[in-house]
Structure formats: C-alpha cells, structure tokens
Amino acid sequence: MRAALTSIALLALGMASPAAAQAPLQTCLSFDAVLELASQRDPSVEIALAGEAEADANILDARSLYRPRVDAVGRTGIGSTGVVDSGVSNSLGFRASQRVLDFGDAKYARQSARSEFAAAQNDTQQVRIDAASQAGLSALTYFEADAQLQLTQRRQSFFERQLAATDTLLELGGATRTERAAVASQLADAKSFAEELLFRKERALTQIQIQTDTAQSLCSRDGFPSALLREDATAPQQAIARAVASNANLAALDDRADAEAARAKREARARLPIIDVVATGAYSSTNAFDDFEFRDRIGVDVRVPLYSGNALGARKRRASARERAARARSLDFRRQLTQDVSITWRRIRSLREQLESRREVERQTLLQFEAAELELGAGTKSLRDLVEIRLEYEAAGLERIRTEADIARQQLTLRALTGRLARGQL
C-alpha cells in the first residue's frame, strides 16, 4: 500500500513544464517599432513642430530687415499750400527702401533667430526621446509582467497537480486534510497573483497602444530586448561625454543662451544709426482732382535715437541679464546631467552584479527543489517542506525577472540621457 501511495505522489510532483509559447500574431509590434511609433505619433511632437515653424518664421522676419521693401502709398489732406492759401492735396504712388548700414542690428537679429530655431529643433528631438522613453518603459513593464505571469502559471499548474494527487492520497489515507488545505491555499494564492499580473500586462498593453496610436499587440515571445540586457563596455566618463555632446535638452539650453547673447549685442548697438536709401514715385495733385503730376524723389533716411528716457539702457541691461540667466540654466542642467548619467551607470553595474547572484540563487533553489522531490519519494522530506522549497524557487525567479527589468529600465534611461533614443538611432 505504501509503495502504491508513493507512486501516486511521485506522479503528481515535479515542476510543471513551461507553458507553450503562444503563437505570435501575424502583425505585432517589436520593441524598436514601439519606440519609433511613439516618437512620431505623440501629440507633444506636433506642439514642438509648431514651435519649430514659429522659430523658422522668425528667421524670415529677421532676414527681411536687409531686404528691399516696397510699399504702395496714398495720401490726401487739407492744409496750407502757400503763405495765405490752403487747399486739398492728393498723392498716389510707391515707396521703395533698402537698408544699407545698421552697424550689426540685422546681423544679430538673424543670429538670434537662427539660435532660437536650433533650440526649437532640439526641443522637438527631446520630445521625441521622451515619448519613446515612456513607451519603452511601458513595453518593459509588459515584458516583466509577461515573464512573471509565465512563472506563476507554472506554480499554478504545479499546485493543481499537487491538489489532485493530494485528493487521491486523502481518499486512500495517505494525506491529511491539513496538507490538502495547505495545497489548496497555495493554489488560490497562485491564481490571485496570476490575475494581478495579467492586469498589469493588459494595462501596459493599453498604454502602449495609446502611446503608439495602434491596436496592435506587442511581440513578447523573445522577452526583454537583448540590447538592453547586454553589458555595455562604455566607461562612465565616456557616457558623460556622450551625454554632454548629444543630450537634446542641454543643446536647446545652449542655443537659447546663444540667442540671448545675440539679442544683448543687438541691444548694445541700439544707439547707433540705421541708414536706408529711400525712393518714392507718386502722382500728386493740389485742389483739382483731374490735374495729377508725377513726382519722384530719392534720398537717404537716417535714424538715430537721441533721447529715450533711459529705455535703451534698460533694454540693454535686460538682455544682458537674460543671457546670464540662460548660461546659468545651461550650466546647472549640465551638472545635473553629469550626476544622472554617473548614477545611472553605476546603478546598472550594481544591478548586473545582483543579477548574477539572483541567477545563482535560482539555480541552487532549483537543485534543492529537485532533490526535495526525490527525498519526498524516499519518505525523508515532508510535503510541507517541498511546498516551501517550491515557493522559494518561484520567489527567486521573480526576483531575477525584476532585476532584469530594472537593468532594462536603467539602460533605457541611460540611452535617453545620452541621446541614443534619437530618431534613427533606436
């Protein structure tokens, strides 16, 4: 009888085989496709592109300062035409002007506009990177929940088999109700945790579909992207140098500081004259509306501010203050960027060391579980002990998956900081 009971127990024990991988959908999104679509379809990108268009228009506006200008001119009025006479005067014609000298006013206006346009382009780049990064984090959450769900489903399958075997042993008097209750409790806990993981997975998928503006699922057969789990040989100093050279936020701040510097130089020249060549041609009449004569004139228009109530000095000081503030913001962000990159790099290195330990714990716990199965069959290990070891094995697997997910997240963050999530470099 005891041999028969032992045989039944052995049939029910053992770790369940991994669940068969579901056949992938014919159309699914890869990790890189998620990043690419999110960087294209995020509404913030359209806002940033609108800012680019506005900055580009400002360049055209600045260039127009040194281009010819032609206006249609029409005048009518009443007033003195001589010492004692008065009358109505009318004129209709054109006025053309061309700036010939402004001591750098137009040049610095163009420099400022070009720097603002470059800053707007970097803003768009950063918005794309942020959108890709957020979608990437959602995808990593999906992968993590999917991997943990598969592991938990194995536990659920194991306890389902264990419960069936315990019911058989209970009928034969080879198990107690306490043992059955313990197994049933673990099975219920596994089902509950599986439902929670399924919710996390579906929530992440919903976020991905919204962020990519698609109804496609995620290709999860391969799990975490290997590029994010692969060890990067880049030293921290190299990562910092790459971030300083490629970070779009920092580049935008530098460009805006350059724009403020150009504005400050322009304001410093506000007291210098602006000289235009002006030509007019018009048909004019006095009193009679049927007696028009063509009159033309060419000359030089010189504008020099003499007194402005110190308004010009205030504008110059304001522009200089804004330049200093822009430089300070750039320096502050550079320091913060250096700190973030350094900490993220060291965090990745620490997590890699932890991952090796997690994998070793999982391997050793698996060996312990396999040995406990044999010992249970030999009668030297109790069912309670086997259950506890099985739970330890799953806990080790869950910790290993969490560590892999943390490494992938930190790698994604590092890529965003160093500009490696830019469009075309995904």
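All values reported here derive from a predicted model rather than from experimental measurement.
A donor-acceptor pair is defined here as one N or O able to donate and one able to accept, closer than 3.5 Å; no such pair exists between the side chain of Glu267 and the backbone of Ala264. Between the Arg271 side chain and the Val304 main chain, no donor and acceptor come within less than 3.5 Å of each other. Checked by atom type and distance alone, the side chain of Tyr142 never pairs as donor or acceptor with a backbone atom of Glu202 at under 3.5 Å. Judged by distance alone, with hydrogens and angles left aside, the side-chain atoms of Ser320 form a donor-acceptor pair with the main-chain N or O of Lys316 at under 3.5 Å. Of the possible donor and acceptor atoms, one in the side chain of Thr418 sits under 3.5 Å from a partner among the backbone N and O of Leu414. A donor-acceptor pair is defined here as one N or O able to donate and one able to accept, closer than 3.5 Å; such a pair exists between the side chain of Arg128 and the backbone of Ser39. Between the Thr344 side chain and the Asp340 main chain, a donor and an acceptor come within less than 3.5 Å of each other. Side chain of Asp102 to backbone of Gly104: a donor-acceptor contact under 3.5 angstrom is found.
In this structure, Ile275 and Val300 have side chains that are in contact, with non-hydrogen atoms separated by less than 4.5 Å. Residues Phe31 and Phe224 fail the side-chain proximity criterion, which asks for heavy atoms closer than 4.5 Å. Considering only heavy atoms from C-beta on, Arg334 comes within 4.5 Å of Asp254 through its side chain. Annotation: side chain of Phe143 is in contact with side chain of Leu218 (closest heavy-atom distance under 4.5 Å). A heavy-atom distance below 4.5 Å is found between the side chains of Gln111 and Lys107. Two residues are said to be in side-chain contact when any heavy atoms from C-beta on lie closer than 4.5 Å; Pro273 and Phe103 meet this criterion. Under the 4.5 Å side-chain criterion, counting only non-hydrogen atoms from C-beta, Asp189 is not in contact with Phe159. Proximity of Asn247 to Gln126: side-chain heavy atoms (C-beta onward) are separated by under 4.5 Å at one or more points.
The two residues Ala55 and Ala120 come nearest to each other via the heavy atoms CB-CB, 4.0 Å. In this structure, Ala194 and Leu149 approach most closely via the heavy-atom pair O-CD1, 3.4 Å. Taking every heavy atom of both residues into account, Glu392 and Thr365 meet most closely at C-CG2, 3.7 Å. Counting all heavy atoms, side chain and backbone alike, Gln211 lies closest to Ala135 at OE1-CA, 3.2 Å. Across all their heavy atoms, Leu412 and Ser133 have their closest contact at CD2-O, 3.6 Å. Ile129 and Gly419 get closest at one heavy-atom pair: CD1-CA, 4.3 Å.
Taking CD1 of Ile208 as the start and CG of Leu137 as the end, the distance is 10.5 Å to the nearest 0.5 Å. The CG atom of Leu205 sits 11.0 Å away from atom CD of Gln216, with the distance rounded to the nearest 0.5 Å. Taking CZ of Arg303 as the start and CD1 of Ile274 as the end, the distance is 5.0 Å to the nearest 0.5 Å. With values rounded to the nearest 0.5 angstrom, Leu312 atom CG is found 11.0 Å from Tyr307 atom OH. How far CZ of Arg41 is from CD of Glu46: 12.0 Å, rounded to the nearest 0.5 Å. Atom CD of Glu404 sits about 7.0 Å away from atom CD1 of Ile407, to the nearest 0.5 Å.
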Check against side chain to side chain contact (heavy atoms under 4.5 Å, CB included), Leu49 and Val127
CA-CA 10 Å; Leu49 289 174; Val127 168; over 6 Å; no
Applying side-chain hydrogen bond (donor to acceptor under 3.5 Å, both in side chains) to Ser97 and Asp276, what does each step give before you reach the verdict?
CA-CA 6 Å; Ser97 63; Asp276 298 328; 5.5 Å; no
Would Glu52 and Thr124 count as a side-chain hydrogen bond (donor to acceptor under 3.5 Å, both in side chains) here? Give the steps.
CA-CA 8 Å; Glu52 267 191 53; Thr124 302; 2.7 Å; yes
Which is it for Leu37 and Asp213 under the side chain to side chain contact (heavy atoms under 4.5 Å, CB included) test, yes or no, and what are the steps along the way?
CA-CA 8 Å; Leu37 289 174; Asp213 194 22; over 6 Å; no
For salt bridge (charged side-chain N to carboxylate O under 4.0 Å, His left out), just list the numbers for Arg359 and Glu362, CA-CA rounded to whole Å, side-chain angles, deciding distance to a tenth of an Å, and then say yes or no.
CA-CA 5 Å; Arg359 286 172 175 170; Glu362 187 178 17; over 6 Å; no
Kindly indicate, with the supporting measurements, whether the criterion side-chain hydrogen bond (donor to acceptor under 3.5 Å, both in side chains) is fulfilled by Glu54 and Asn58.
CA-CA 6 Å; Glu54 182 178 355; Asn58 290 337; 5.0 Å; no
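Salt-bridge formation is not detected for the pair Lys191/Glu195: no Lys NZ or Arg NE/NH1/NH2 atom is positioned less than 4.0 Å from an Asp or Glu carboxylate oxygen. Using a cutoff of 4.0 Å between basic side-chain nitrogens and carboxylate oxygens, Arg269 and Asp105 are not scored as salt-bridged. In summary, Asp71 and Arg69 engage in a salt bridge, as defined by a charged side-chain N under 4.0 Å from a carboxylate O. Using a cut-off of 4.0 Å between Lys/Arg side-chain N and Asp/Glu carboxylate O, Asp123 and Arg256 are scored as salt-bridged.
Checked against side chain to side chain contact (heavy atoms under 4.5 Å, CB included), Ile47 has no partners two or more places apart in sequence or in another chain.
No donor-acceptor contact under 3.5 angstrom links the side chains of Gln125 and Gln121, judged on distance only. Judged by distance alone, the side chains of Asp42 and Ser44 do bring a donor and an acceptor atom under 3.5 Å apart. Under 3.5 Å, the side chains of Glu36 and Gln40 contain a donor-acceptor pair of N or O atoms. With 3.5 Å as the limit, one finds no donor-acceptor pair spanning the side chains of Ser350 and Arg346. Between the side chains of Asp255 and Asn122, at least one donor-acceptor pair of N or O atoms lies under 3.5 Å.
With Glu260 as the fixed residue, the side-chain contact (heavy atoms from CB on, under 4.5 Å) test singles out one of Arg324, Lys265, Glu323: Glu323.
Few gaps surround CZ on Arg363; more than 12 heavy atoms of other groups in view lie less than 6.0 Å from it.
For residues 129-148, the pairs satisfying salt bridge (charged side-chain N to carboxylate O under 4.0 Å, His left out) are Glu144-Arg409, Asp146-Lys201, with sequence neighbours left out.
Figure legend: Arg390 and Phe158 shown as a cation-pi pair, the cationic atom lying under 6.0 angstrom from the six-membered ring centre and within 45 degrees of its axis.
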